[in-house]
Every structure is written in structure tokens, then in C-alpha cells.
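Everything on this sheet refers to the single structure shown next.
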Number of protein chains: 2
Amino acid sequence: MDKDFVNIYNLIQELSWYFGAHGINGECCGDLSLVEYMALKKINDSENITVQEIGHALNFTKSGASKIIDRLENKGYVTREISSLDGRVCCVNTTAKGAETALEIVHRYSAYVSEMLRTQNTAMVKNIKTVLEILVDSVHRQENLLHGKLPQGGGGMSIFSIDN
Amino acid sequence: MDKDFVNIYNLIQELSWYFGAHGINGECCGDLSLVEYMALKKINDSENITVQEIGHALNFTKSGASKIIDRLENKGYVTREISSLDGRVCCVNTTAKGAETALEIVHRYSAYVSEMLRTQNTAMVKNIKTVLEILVDSVHRQENLLHGKLPQGGGGMSIFSIDN
DNA sequence: GGGCCTTAGTTTCCGGTGTCAACTATTATG
DNA sequence: CATAATAGTTGACACCGGAAACTAAGGCCC
């Protein structure tokens with residue numbers, strides 16, 4: 001095991017902790033939890049996304065996804081409507097308020113990141129971006145490799161399910 | 001707002017999601033949740049750490065920290081003993097089993113990261129490490145700037161508490 | 001077009017988890 | 001020695017997500 005990868009792993013873990021549910025935030029923005037925010041962002045970036053797709057994207061069961069959307073709907077950030085093509089399917093979309101809130105949160109966090117990296121020069125900022133793109137791409141590729149067909153919402157994926 | 005920082009923020013958020021509680025794992029390793037694992041790692045990296053220090057490090061209240069340690073203790077990963085210097089203070093330490101488990105988890109995740117980055121050359125791996133170090137350092141510095149004295153365990157820190 | 005299977009989503013029940021506030025126990029202060 | 005402060009624990013509570021049962025709609029086959 002190369003020492004570099006141990007370091008990289010530990011650093012990612014630490015960074016993730018700070019940007020995760022218990023890190024800088026806890027509530028993510030006012031009345032949104034991190035999970036709700038991630039769902040909102042996903043819905044905002046899509047058009048007519050279904051409940052299961054949201055669950056799949058965020059590693060929740062359809063039951064969990066349904067409840068997250070309940071909360072977002074109650075808060076007035078998203079709407080549910082039955083698909084005209086298939087009466088079983090729910091099309092979820094953001095309301096104007098939801099889209100605005102998602103944007104505002106992105107701006108706030110981006111400002112935080114900008115402040116955080118204020119001492120870095122332009123070249124390094126570009127480099128940071130590139131490295132993060134590589135990491136995110138790599139994770140996606142790895143995810144896809146591991147991805148068997150999974151029953152409900154694609155949850156339960158674990159590193160440890162490989163060789164346990 | 002520089003577009004780069006928006007990108008960087010979104011990438012960090014996405015990466016964090018994969019390494020967070022709902023990402024690759026959910027259970028972190030067998031019988032450990034991510035929170036428990038983070039606590040175990042913290043305890044393993046320290047000597048005679050107190051309950052409050054753990055809570056502070058992980059952004060939990062002392063009550064929450066106490067219960068996390070309960071769980072770890074019940075699973076046989078850590079021990080609590082009263083400090084010889086101050087009868088109110090608990091010294092928490094890992095058992096041999098706890099230390100071994102922490103190490104094993106690090107190895108597994110590191111192997112995952114190694115696999116994930118297998119197509120990157122050595123220079124890029126070094127670069128990734130450097131960038132992550134900068135990011136983690138920057139977050140720490142920023143955290144310290146924001147850190148006022150907080151009542152219980154330092155919880156509740158929020159980006160949005162600054163100007164809301 | 002009626003019966004059966006499949007699929008999307010919801011709901012109910014339940015266990016896990018973290019916070020708050022109250023409490024115990026110990027130490028510091030004067 | 002009395003009072004205050006501090007470390008940690010506990011109990012009540014609310015929240016959250018999963019499993020499974022359920023509802024409703026579509027697909028299919030004869």
C-alpha cells in the first residue's frame with residue numbers, strides 16, 4: 001500500500017467531514033439539512049426528475065427519497081406532479097423559491113471557498129479545480145464499476161461489500 | 001463571484017457526498033457508522049483524549065459525544081477511564097481491537113482510492129496530495145477564524161450564522 | 001377486455017441518533 | 001466549608017431513513 005494513497009484518503013476524508021453533515025454546517029442553510037439541500041440541487045439541475053431517480057442519485061431508498069421530497073414540498077421548494085406519460089410517475093421540479101434558495105446556498109458556499117483560498121494564486125486555483133475534477137471523475141468511474149443492479153434506489157453500496 | 005470558486009465548491013461538495021455518510025458507504029465498516037469511525041480515528045490518533053475534546057473535534061455536543069463513546073465502548077473498540085489528575089475527566093483510548101479496526105478501515109479505503117486513481121501518473125498523485133493538503137489546511141484556517149467560543153462541544157457552527 | 005405481473009410511489013412501523021435539560025460527581029475559589 | 005464551575009451521564013424527545021406492506025397505474029397475453 002503506497003503511503004501516498006493513505007495520505008490522500010485521509011485528506012479526502014477530513015475534507016469531506018468539513019463539508020458533510022457534521023462539519024461547517026449541520027443545518028445547511030436555515031431550514032435545509034444537507035440531505036435536503038443535495039436533493040434540491042439535484043432536482044434543480046434536472047427536469048421532471050422522478051422520486052426514484054433522486055433516491056438513486058443520492059443513495060436513498062425510494063421510501064427515503066419520498067420523505068425527503070415531502071419535506072422539500074412542505075417547505076415550498078419543490079412541486080410534485082403526476083407525469084402525463086405515466087400515471088405512476090411523479091415529476092419533481094423546483095419552485096421559483098426553491099431554485100432561488102439553491103442558488104443562494106451555492107453562492108454562499110462559493111464565497112466561503114473563495115475566502116478560504118484567498119491566498120492562493122490563479123494557477124493554483126486552476127490546479128485545485130483540475131485535481132477535484134479528476135477526483136470526482138475517478139469516484140464516478142469507480143462507482144460505475146462497482147454498480148451492480150440494486151433493488152431499491154441503489155442504496156447499500158459499500159466498499160466492504162466487495163470482499164467481505 | 002469568480003466562476004472557478006463556484007466550480008471548486010460544487011466539486012468539493014460532490015466529492016464530500018461520496019465520502020460522507022450517504023455516499024459509498026452508509027455503514028462505514030461492518031458495525032461502525034461514519035460518525036463512530038471518525039471518533040475512533042480521532043481517539044486512536046490521540047492519547048487520553050477527553051469526551052468533550054472528541055465532541056469538539058467532531059462538532060458534537062458533549063452529550064452526543066458521550067453516546068458515541070458509549071457505542072464504541074460497547075463494541076469493544078475504546079475504553080473509558082477516570083483521569084488520575086482530575087476525577088471529573090474521562091480518558092478515552094482505543095483498545096487493541098479498536099486500533100486494529102481503525103487501521104484496517106484506513107487500509108481498505110486507501111486501497112479503494114489507489115484503485116480509483118490507478119490511471120494517474122506519479123506526478124499527478126503527488127499533485128493531488130498537495131492540493132488536498134492545501135484544501136484541508138485552508139478549511140482549518142477558516143474554521144479557526146470563525147471560531148467563537150461555543151457553549152457545548154463547539155457545535156452549531158454555520159457559514160450562515162455569520163450574516164444571518 | 002379481463003386477469004396477472006410489474007412498477008412508481010406512499011405510508012406505517014420501527015430502530016438508530018443527536019440535542020436539550022436536568023442531574024451527579026469532582027474540582028476550584030474565596 | 002460553602003459556593004461556583006466544570007466533566008460527564010442520563011432521560012425525554014424529535015427527527016430521520018429503511019423494510020415491508022400497501023395503493024395505483026401500466027404492460028402483457030390470451
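Letters A, B, ... mirror the listed sequences (proteins, then strands); counts begin at 1. In this text, all values refer to a predicted model and were calculated from it rather than measured experimentally.
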Notebook entry, point to check: Looking at C:dT19, C:dG9, D:dG8, which one has an atom nearest to any side-chain atom of B:Thr50?
Noted result: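 Within the option list, the nearest is D:dG8.
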
Protein-nucleotide distance ([X], atom [atom1]; [N], atom [atom2]), rounded to Å:
| X | N | atom1 | atom2 | value |
| --- | --- | --- | --- | --- |
| A:His56 | D:dG18 | NE2 | P | 14 Å |
| A:Lys62 | C:dT7 | NZ | P | 10 Å |
| A:Asp31 | D:dC16 | CG | P | 11 Å |
| A:Glu53 | C:dT7 | CD | P | 15 Å |
| B:Gln52 | D:dA5 | CD | P | 16 Å |
| B:Ile68 | D:dT9 | CD1 | C1' | 14 Å |
| A:Glu81 | C:dA8 | CD | P | 18 Å |
| B:Leu34 | D:dC16 | CG | C1' | 16 Å |

Next item on the list: Residues of residues 41-48 of chain B with any non-hydrogen atom less than 4.0 angstrom from an atom of DNA chain C: list those, numerically ordered, please.
Entry: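 Heavy-atom cutoff 4.0 Å gives no residues at all.
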
Next item on the list: Pull out every residue in residues 83-93 of chain A that has a heavy atom closer than 4.0 Å to any atom of DNA chain C, ordered by number, or say none.
Entry: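 Nucleic-acid contacts, sorted: A:Arg88, A:Val89, A:Cys90.
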
Next item on the list: For A:Lys67, check side chain to side chain donor-acceptor pair (under 3.5 Å) against everything at least two apart and list the hits.
Entry: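 Result, side chain to side chain donor-acceptor pair (under 3.5 Å) vs A:Lys67: none returned.
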
Note to self: Going by side chain to side chain donor-acceptor pair (under 3.5 Å), name the residues that satisfy it together with A:Asn127, two or more places apart in sequence or in a different chain.
What the structure shows: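 Here the qualifying residues are B:Asn127.
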
Using the test side chain to side chain contact (heavy atoms under 4.5 Å, CB included), find all partners of [X] that sit at least two apart in sequence or belong to another chain.
| X | result |
| --- | --- |
| B:Asn44 | B:Thr94, B:Ala99, B:Ala102 |
| B:Thr95 | B:Thr79, B:Lys97 |
| B:Cys90 | B:Val51, B:Arg80 |
| B:Asp45 | B:Lys41 |

Next item on the list: List in chain and number order the residues that pass salt bridge (Lys or Arg N to Asp or Glu O under 4.0 Å) with B:Glu100, two or more places apart in sequence or in another chain; answer none if no residue qualifies.
Entry: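 Salt bridge (Lys or Arg N to Asp or Glu O under 4.0 Å) check on B:Glu100 returns nothing, list empty.
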
Notebook entry, point to check: Where do A:Asn93 and A:Val78 land on the side-chain contact (heavy atoms from CB on, under 4.5 Å) test, with the steps shown first?
Noted result: CA-CA 5 Å; A:Asn93 285 289; A:Val78 306; over 6 Å; no

Item checked: Any B:Arg80 side-chain nitrogen or oxygen under 4.0 Å from OP1 or OP2 of D:dG8 ->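 No, because none of the side-chain N or O atoms of B:Arg80 sits under 4.0 Å from OP1 or OP2 of D:dG8.
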
Notebook entry, point to check: Quick one: is C:dT10 close enough that its OP1 or OP2 comes under 4.0 Å of any side-chain N or O from A:Ser66?
Noted result: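 Looking at the OP1 and OP2 atoms of C:dT10, one of them is under 4.0 Å from a side-chain N or O of A:Ser66.
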
Next item on the list: With sequence neighbours excluded, give me every salt bridge (Lys or Arg N to Asp or Glu O under 4.0 Å) pair touching residues 113-129 of chain B.
Entry: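 Salt bridge (Lys or Arg N to Asp or Glu O under 4.0 Å) check on residues 113-129 of chain B returns A:Asp4-B:Lys126, A:Asp4-B:Lys129, B:Glu115-B:Arg118.
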
Item checked: For B:Tyr9, ring-ring contact (aromatic ring centres under 6.0 Å, His included) partners two or more places apart ->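 Only A:Tyr109 meet the ring-ring contact (aromatic ring centres under 6.0 Å, His included) criterion with B:Tyr9.
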
Next item on the list: Check every strand shown and say whether B:Gly64 touches a base, only sugar-phosphate, or nothing at a heavy-atom separation below 4.0 Å.
Entry: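 Result for B:Gly64 = base.
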
Margin query: Using side-chain heavy atoms (C-beta onward) and a distance below 4.5 Å, is A:Ile43 in contact with A:Glu53?
Written below: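 No, their side chains stay 4.5 Å or more apart.
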
Look for any protein N or O under 3.5 Å of an N or O in nucleotides 12-17 of chain C and output each such pair with its distance, or none.
residue	atom	partner	partner atom	Å
C:dT12	O4	A:Lys67	NZ	2.9

Checklist line | Closest non-hydrogen atom pair between B:Leu58 and A:Trp17, with its separation | finding: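 Scanning both residues completely, I find the closest heavy atoms to be O-CZ2, 3.7 Å.
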
